[in-house]
Chemist: 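Take this structure first; my questions come after.
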Amino acid sequence: MVLIKLKVHPDARKSEIIQKAPDAYEAWVKAPAERGLANNAALNLLAQSLGVPAVKLRIIKGARSPNKIIQFMGLSC
């Protein structure tokens, strides 16, 4: 199981993602933090950055927090 730490900043002026460490990212998304919109935008941005399909990523902790733990489904260390 591969886990990634992700900090999300909703309501940003532009969408971007940076890698802070080998297992940590920080994402700024235009979407608001309501109804899961920012979470979906952040997962799509992370998937695009990693070159994997968004369906392979899942939030396992922090769905209502800016600090999230993301799991790569189907991948191993």
Side-chain angles (χ1 to χ4, degrees):
M1 173 169 52
V2 178
L3 300 178
I4 295 288
K5 298 171 196 158
L6 178 65
K7 183 170 185 177
V8 178
H9 302 276
D11 295 315
R13 290 185 182 181
K14 63 179 182 174
S15 294
E16 78 175 305
I17 190 164
I18 60 169
Q19 186 172 6
K20 302 289 263 180
D23 66 340
Y25 289 82
E26 197 161 350
W28 289 263
V29 295
K30 292 180 180 180
E34 56 188 37
R35 300 185 320 270
L37 296 174
N39 286 344
N40 289 338
L43 285 178
N44 287 330
L45 196 57
L46 180 61
Q48 183 180 11
S49 173
L50 296 173
V52 298
V55 297
K56 293 282 188 182
L57 302 176
R58 181 174 66 136
I59 298 174
I60 60 171
K61 186 174 182 182
R64 293 181 170 224
S65 167
N67 299 309
K68 302 172 188 321
I69 304 292
I70 309 298
Q71 175 188 10
F72 283 102
M73 298 184 334
L75 299 176
S76 60
C77 295

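Atoms considered below: every heavy atom in the structure, side chains included; atoms not considered: hydrogens, waters and symmetry mates. Remember, it's a predicted structure, so these values are computed and weren't measured experimentally.
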Chemist: Does the pair I59 and I70 meet the rule for a side chain to side chain contact (heavy atoms under 4.5 Å, CB included), with working shown?
Modeler: CA-CA 5 Å; I59 298 174; I70 309 298; 3.6 Å; yes
Chemist: With heavy-atom distances below 4.5 Å as the criterion, would you say the side chains of L50 and K56 are in contact?
Modeler: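 L50 does not reach K56 side chain to side chain.
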Chemist: Using 0.5 Å steps for rounding, measure from the CD1 atom of I4 to the NZ atom of K68.
Modeler: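 That separation rounds to 15.0 Å.
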Chemist: Starting from V8, can I reach W28 by hopping between I/L/V/M/F/W/Y residues whose side chains sit under 4.5 Å apart?
Modeler: no
Chemist: Compare every heavy atom of H9 with every heavy atom of E26, then report the nearest pair and how far apart it is.
Modeler: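 Here E26 and H9 meet closest at OE2-NE2, 2.5 Å.
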Chemist: Between A33 and P10, which heavy-atom pair has the shortest distance, and what is it?
Modeler: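 A33 and P10 have their closest heavy atoms at CB-CG, 3.7 Å.
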Chemist: Considering all heavy atoms of both residues, which atom of L45 and which atom of A27 are nearest to each other, and what is their separation?
Modeler: CD2-CB, 4.3 Å
Chemist: I need the I18 CD1 to Y25 OH distance, nearest 0.5 Å.
Modeler: 11.0 Å
Chemist: About how many Å separate CD1 of I69 and CG of D23, when rounded to the nearest 0.5 Å?
Modeler: 8.5 Å
Chemist: Within the structure provided, determine whether N44 and V29 are in side-chain contact (heavy-atom separation under 4.5 Å).
Modeler: no
Chemist: Is it true that V2 and I17 fall in one hydrophobic cluster, defined by side-chain heavy atoms closer than 4.5 Å?
Modeler: yes
Chemist: Kindly give the heavy-atom pair with the smallest separation between A42 and L6, and that separation in Å.
Modeler: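 That closest heavy-atom pairing would be CB-CD2, 4.1 Å.
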Chemist: Looking at Q48, I'd like to know if its CD atom is crowded, meaning that more than 12 non-hydrogen atoms belonging to other residues, nucleotides or ligands lie closer than 6.0 Å.
Modeler: no
Chemist: Report yes if some heavy atom in the side chain of R58 is under 4.5 Å from a heavy atom in the side chain of I60; otherwise report no.
Modeler: yes
